[in-house]
Amino acid sequence: MAILTQRQRDILLYLLKQGESTYAQVATIAAIENVGERSVRNDLHHIESHVSASGLHIERRQGQGIRLVGPAERKQALRQEVSGLLSISLTPEQRISVAIATLLLNEVCTYQEIADACLVSRQTVVSLFPQIERALHNERLGVEKMQGTGLSLSGSELAFRHCFLQFVISNPSPDVTHQTLARTPGFTRHEPEAARLAAKVESHFGAQFIDKQALVLSLAYMLERIEDGHVLEESELDNGSASADAIELATFLSDDIPFPPERTWASSVLLSQRMGWDGDAPATTKQIDDEAQEMSHELIKALRKMHDIDTVSTQHLVDSLTAHLRAAIHRARNSIQIGNDHAQQIRVSVPLLYEFTRQQMAEIGPRFNLSFSDGEVAYIAMYLASIFETSEQHATTLKILLACSFGVATSTILKARIARMLPDCTLMGPVPVSEATAYLASHVVDLVISTVAIPNAQAPVLVVNPMLGQRDIDHIKDSLYQSSYSKLCSHFLSLYSATGASSRDIHNVSDYVCLEDIMVIDTCPSWQDAIRLAARPLVEKGFLEPRYVEAMVNAVTDFGTYMVLTPETAYVHAGIDDGIWRDCAAVLALRSPIPFGLLNQKSIRTIVVLGIRDKERSDLLYLASIFDRQENRARLRDPGLEPGVIWHMHD
């Protein structure tokens with residue numbers, strides 16, 4: 001059965017809702033979906049392939065239009081199925097992950113095949129592809145684009161294996177993982193053999209595995225690659241440090257895996273997932289399971305101190321967190337280091353939750369005589385971020401005001417189209433542009449979508465054409481994402497600041513930044529120059545190396561503007577291995593704002609440079625709470641701002 005994109009599912013549902021004798025016009029559907037008629041006709045071909053499996057077909061009648069024909073009970077069943085599918089919506093990060101998996105699982109594939117796997121349009125995948133390529137580059141894989149043929153990955157075989165391991169082990173959405181892999185017949189064909197191999201090792205060595213499902217998927221991918229002629233070379237593997245267990249296991253697998261390098265690789269994967277060997281698994285498993293449950297409970301308890309966590313909507317994420325902690329504890333106890341090429345991306349994309357997680361793990365770990373690496377903390381932060389965002393979705397729903405300078409009909413059409421685009425937002429209006437300023441003075445609004453500019457508006461204003469062309473749609477989605485992210489950050493900071501506020505001291509900028517490390521200037525030629533200038537005092541003192549500064553610049557280039565956590569303020573930092581010698585911070589304030597970043601640009605007037613080595617410090621959380629205060633944000637916009645004013649700010 002064909003996989004439908006979101007728009008194709010919308011069209012199918014529209015056809016299913018029509019009466020038996022009602023014909024729909026392609027032009028009408030195109031207007032509803034805000035695309036060309038050619039796009040709709042292409043979509044109808046995919047829809048026909050999908051509905052044929054249900055015994056239905058699309059009838060076309062000259063001069064009348066199209067309709068869906070077939071038994072009523074099958075239409076009803078298909079309508080229920082499609083209505084359920086409409087609730088499936090992957091996040092941008094999940095789309096990137098699914099796209100990479102689709103490329104890994106196919107020798108050659110097209111943009112449309114990736115779009116089908118991601119349940120989005122082809123154009124969405126094309127727009128997302130630069131981010132997909134950057135993520136693959138981090139895994140040391142490239143994309144070859146062959147005219148008239150499709151897309152293919154290039155790189156070492158070890159890079160392919162490592163990238164797939166990252167997908168199945170670190171993906172916080174197992175249902176997305178399984179759906180993606182299930183669409184590849186060649187892959188699913190190897191799962192039984194992979195499961196047999198894992199069971200054989202379990203039986204012979206008395207082993208138990210932490211995440212057997214991920215293990216089986218990894219072995220299945222190895223078998224598929226071998227069948228397709230992609231075998232690891234001896235030179236790609238480091239056999240010099242192989243343990244006695246690894247050598248014994250590789251020998252044991254010789255009857256099932258004919259290639260020595262592949263046996264070595266399979267052994268390393270099996271051993272990295274073990275929780276016991278030679279009969280000692282039950283006690284070890286119980287101990288780790290109890291510790292994982294307790295740690296998971298402690299982390300969720302820490303989140304609950306800020307706000308109630310919706311246990312119903314987040315239970316599957318909490319279970320996934322516990323399963324990951326089980327593996328992390330085992331790795332920490334056995335000095336098994338995992339490669340986490342996404343650690344920096346996680347630190348940058350969810351910085352507040354990463355710092356919160358780092359703080360919590362620094363407190364929890366010693367109680368179990370454990371120390372977790374930055375890579376492990378980053379993965380745990382990813383789960384906590386998903387739990388927090390899912391649970392707090394109601395509190396971070398955007399409130400959008402529609403303002404239109406045209407008549408009632410145009411305003412109504414504009415609202416209907418935007419409501420269809422933004423089903424999870426609260427829409428207010430439309431109001432005449434002449435009344436928008438008064439409305440904003442008495443209502444809390446996160447974003448204004450208007451057909452004309454609104455001077456001195458008390459919220460960001462996005463000006464669009466009332467007929468909503470493709471450029472307007474892309475602009476709305478981009479602004480929506482930025483506004484949603486800003487509101488989430490602000491909500492987290494307000495909850496964090498309120499937690500235990502009566503039992504702690506006031507935090508001042510002077511607690512974290514020396515007065516001589518604060519600069520106020522008129523403006524700067526670029527955001528790159530601004531980061532380098534802000535960090536200069538710390539480099540001159542020897543606290544940071546120049547490469548740390550370039551790592552901060554590269555993080556913005558590679559991952560976007562996630563570090564703009566509070567309005568007009570960016571918090572930039574790099575990893576502890578990027579050239580930092582002590583905890584430090586610096587501030588650069590600009591009297592005139594500048595655009596920040598290459599993608600999803602944001603206007604900033606303040607840069608906070610952070611160097612954090614101590615796992616127990618929470619400089620980012622405290623400084624962001626200070627700079628997020630309304631009165632402090634007003635001070636940063638004051639043309640007469642001086643370093644001393646910033647130094648004395650507090651939360």
Side-chain angles (χ1 to χ4, degrees), residues 92-93 131 344-356 381 385 388-389 396 398 446-447 459-462 475 477-494 496-497 509 513 519 523-535 549 551-574 585-612 619-630 632-637 641 646 649 651:
E93 290 76 15
Q131 297 178 57
Q344 172 66 351
Q345 184 174 358
I346 294 169
R347 282 196 296 265
V348 171
S349 60
V350 287
L352 296 177
L353 267 300
Y354 173 80
E355 289 300 319
F356 175 82
F388 179 79
E389 290 179 23
T396 56
L398 290 179
D446 299 304
L447 179 68
V461 179
L462 179 61
H475 198 183
K477 290 180 178 178
D478 179 55
S479 298
L480 182 74
Y481 177 75
Q482 293 194 37
S483 297
S484 179
Y485 178 72
S486 297
K487 188 166 187 177
L488 179 70
C489 291
S490 181
H491 180 61
F492 179 88
L493 287 170
S494 65
Y496 183 81
S497 299
V509 171
V513 188
M519 289 184 285
T523 189
C524 209
S526 69
W527 60 267
Q528 296 95 328
D529 291 333
I531 291 177
R532 295 182 181 113
L533 181 59
V549 181
M552 292 190 291
V553 172
N554 291 336
V556 181
T557 301
D558 292 341
F559 307 124
T561 55
Y562 289 102
M563 55 284 296
V564 182
L565 303 176
T566 57
E568 298 186 310
T569 300
Y571 303 79
V572 293
H573 61 96
V587 179
L588 173 69
L590 308 171
R591 294 189 177 93
S592 297
I594 60 172
F596 183 77
L598 299 178
L599 298 173
N600 299 321
Q601 280 192 340
K602 298 179 183 178
S603 176
I604 65 155
R605 62 172 69 243
T606 311
I607 288 182
V608 179
V609 172
L610 292 161
I612 305 173
D619 296 19
L620 172 59
L621 293 173
Y622 293 141
L623 283 169
S625 296
I626 294 171
F627 285 109
D628 193 44
R629 285 191 69 186
Q630 191 70 37
N632 290 335
R633 283 152 53 180
R635 291 188 182 103
L636 291 171
R637 297 189 191 98
L641 180 68
I646 298 175
M649 287 181 182
D651 59 7

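What you see is a predicted model; the values in this text were computed from it and never measured.
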Of all the heavy-atom pairs spanning Met552 and Ala535, show the shortest one and how long it is.
CE-CB, 4.0 Å
Rounded distance (nearest 0.5 Å) linking atom CD1 of Ile607 with atom CG of Leu590
6.5 Å
OH (Tyr571) and CD1 (Ile604) are apart, to the nearest 0.5 Å, by 11.0 Å
Using 30° and 60° as the class boundaries, would you call the ring planes of Tyr496 and Tyr622 parallel, tilted or perpendicular?
tilted
Please name the pair of heavy atoms, one in Ala585 and one in Leu623, separated by the smallest distance, quoted to 0.1 Å.
CB-CD1, 4.5 Å
To the nearest 0.5 Å, atom NZ of Lys487 lies from atom CG of Leu447 at 11.0 Å
Would you please test Val556 and Ile531 for side chain to side chain contact (heavy atoms under 4.5 Å, CB included) and show each step?
CA-CA 10 Å; Val556 181; Ile531 291 177; 4.1 Å; yes
Using 0.5 Å steps for rounding, measure from the CD atom of Glu355 to the CG atom of Leu610.
8.0 Å
Which heavy atom in Pro525 sits nearest to a heavy atom in Asp529, and how many Å separate them?
CB-OD2, 3.7 Å
Check for a donor-acceptor pair, side chain of Asn632 on one end and backbone N or O of Ile626 on the other, with a separation under 3.5 Å.
yes
Apply side chain to side chain contact (heavy atoms under 4.5 Å, CB included) to residues Val572 and Phe596 and explain how you reach the verdict.
CA-CA 12 Å; Val572 293; Phe596 183 77; 4.2 Å; yes
Roughly how far apart are Leu352 CG and Leu565 CG, rounded to 0.5 Å?
4.5 Å
Using modelled atom types only, decide if a donor and an acceptor are shared between the side chain of Arg532 and the backbone of Val549 within a distance under 3.5 Å.
no
Could you tell me the separation between the SG atom of Cys524 and the CD1 atom of Ile594, rounded to the nearest 0.5 Å?
5.5 Å
List the atom of Lys602, the atom of Val564, and the distance in Å for their closest heavy-atom pair.
CD-CB, 3.7 Å
Residues Trp527, Thr557; criterion side chain to side chain contact (heavy atoms under 4.5 Å, CB included); working and verdict:
CA-CA 11 Å; Trp527 60 267; Thr557 301; 3.6 Å; yes
Please give me the minimum heavy-atom distance between Val609 and Ala534, naming the atom from each residue.
CG2-CB, 3.7 Å
With heavy-atom distances below 4.5 Å as the criterion, would you say the side chains of Phe492 and Phe356 are in contact?
yes
Grab the two heavy atoms, one from Ile612 and one from Leu620, that are nearest each other, plus how far apart they are.
CD1-N, 4.2 Å
Test side chain to side chain contact (heavy atoms under 4.5 Å, CB included) on Arg605 and Arg637; report intermediate values, then the result.
CA-CA 8 Å; Arg605 62 172 69 243; Arg637 297 189 191 98; 3.7 Å; yes
